[in-house]
Amino acid sequence: MGISVIFYPISLKEKINNLVKQKVILYWVAFYILLLISLTYSRNQELSWRFLRTMIPLFSFPLAFGLVGGLSKKLLSKIFIIFQSSLLGVLIYNIALTFLNKETQLYDYRGLSFTVSHLRLGYFLLFALFLTYLSFMRNHASSIIAWIFLICFSLGLILFKSVGMIPPLLLGCVLFLKECIAIKSSFSKIFEFIILIVAGIIIFAAVEAGFAFFYFNKRPQANEIAERKVNASGFLHKDTTLWLENGVPALMNIHEESLANAWALRSAYPYEGKDLRGQELRVTMWRYLASCGHWVKDSAALIDLSESDIRAIEKGLTNRLMKNPFRLAGRFYEFFWELRQYRLDGDPRGRSVSTRIELWRASIQVIQDNLRRGVGLGDTRYHLKEMLDVMHSTLSYNLSYGPHSQWLGLLLAGGIPLLSWWLFTLLMPIINLKSKHLNNLIFFTTLMIWCGLWEDIFETQASVSFFSFFYWVLYQECVSDEGLKFGLKQGTKA
């Protein structure tokens, strides 16, 4: 990128003029300078410089785009095609590797991603699908390539479903319908961001209420427990309320002797051993039986299971809803089950959702004591670990990851000034611009903000590069509509 800027066919004076004209670039540069300032009070300088190197695309891409003065529409179109083609190749490779390799164990949709994080692949798909739909609206529906992209990305999104994708997907639909409507007021632009938040809260509450009603509040069938003589000797009762699967207690009414004998006849995996996920197989079995509606876990219940159910238990699946790796209900159930369990027992170990909540709680405690300037870029993880110890958390935290929320991470590193400036940097251009392509930038920015709520999107240089590069590509697309030529003279061909 640096070489391209140096040898770009315009004079140095023009490059400097292009840079000065775009104040948005200065916003991004100022944000990076605030990160540098946080080094002055960071104890761990080595980790601080490592983070700064990782986040250098936030500094380099704005400067590069600013110096060359933008991109032609032809080049912008090529960038989108290259991105979509590359993503299609990655998607085909991952699916082929999954289904053609017999040794691959696919537990859920997350197993489809071998090359990048499953979350990032999902967001890449959303962005690519949004771009493809917009190409149809710009009179490219006859293009064979556009049809291929549309079909493949739609199928990919169906396979690669995730709870976190639903709000940005709904926002994409809203922006898709509004593509041909010119946005004139700043209020309407801000309102579109509010749509994402409100839609996410409503969907989350509705789905949780639905699952609580249908899966967490079941009652035993009449006389079932009495007929099986649960109170007879040999039955194990470990818990009555905390561990529920589809509303059925998983850790009570267990006859281990009969289960062990019946299991030995149906599987080569030892009853006292581990499943393929490294969990205690017998506990996985109890939970799976409960999910099938068996209030009593004994040989009779195990005999009722099909061969596919036995294979599911061996794989470590704890609920029948998860047997189909592409069934969205299974992913929803896993999400809300973890959330419910954390509310009941407060134990975050071994659960993705609970781990995030525990880290967020610790982060908020640290932030409350360091609102004005944070703790420094390199010290965030050490303060997290110290706070987890103060909270007497059972989470095993080894400093290998951040708070699992980029916006909390910025608050930890630089306090309110750093996060406020970053949000100002992202949103101010959108409020000021008027372009028929503005919805592209709105969707991508909102996707970036939403992803930052759940993930540390600045943890890897690949992720930072993706967000920084495409933000500036889409920004240049909007700016070029306003008549600014950015290093290309009037009449010059793209």
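- Here Y32 pairs with F59 under the ring pair (Phe, Tyr, Trp, His ring centres under 6.0 Å) rule; sequence neighbours left out.
- Taking the six-membered ring where the residue is Trp, F127 and F83 present tilted rings, their angle falling between 30° and 60°.
- Residue pairs meeting the salt bridge (Lys or Arg N to Asp or Glu O under 4.0 Å) criterion with at least one partner in residues 392-401, sequence neighbours excluded, do not occur; the list is empty.
- Under the rule for a side-chain contact (heavy atoms from CB on, under 4.5 Å), the partners of M391 that lie at least two apart in sequence or sit in another chain are E358, R361, A362, M387.
- Two residues are said to be in side-chain contact when any heavy atoms from C-beta on lie closer than 4.5 Å; W28 and L426 meet this criterion.
- Considering only heavy atoms from C-beta on, Y397 stays 4.5 Å or farther from T355 through its side chain.
- Within the 4.5 Å cutoff, the side chain of Q84 has no heavy atoms near those of the L88 side chain.
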Run the side-chain donor-acceptor check on residues 50-57: report pairs under 3.5 Å with partners two or more places apart or on a different chain.
unit_1	atom_1	unit_2	atom_2	d
T54	OG1	R50	O	3.0

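- Looking only at side-chain heavy atoms (C-beta outward), V390 and Q365 stay at 4.5 Å or farther from each other.
- Taking the six-membered ring wherever Trp is involved, the centroid distance between the rings of F65 and Y475 does not fall below 6.0 Å.
- For the side chain to side chain donor-acceptor pair (under 3.5 Å) condition, the pairs that include at least one residue of residues 373-385, sequence neighbours left out, are N44-Y382, R381-E459.
- Taking W49 as the reference, nothing meets the ring pair (Phe, Tyr, Trp, His ring centres under 6.0 Å) condition, with sequence neighbours excluded.
- The side-chain heavy atoms of Q279 and K274, taken from C-beta on, include no pair separated by under 4.5 Å.
- Ring centers of F31 and W421: at least 6.0 Å apart, outside the cut-off.
- Within the 4.5 Å cutoff, the side chain of S291 has no heavy atoms near those of the V248 side chain.
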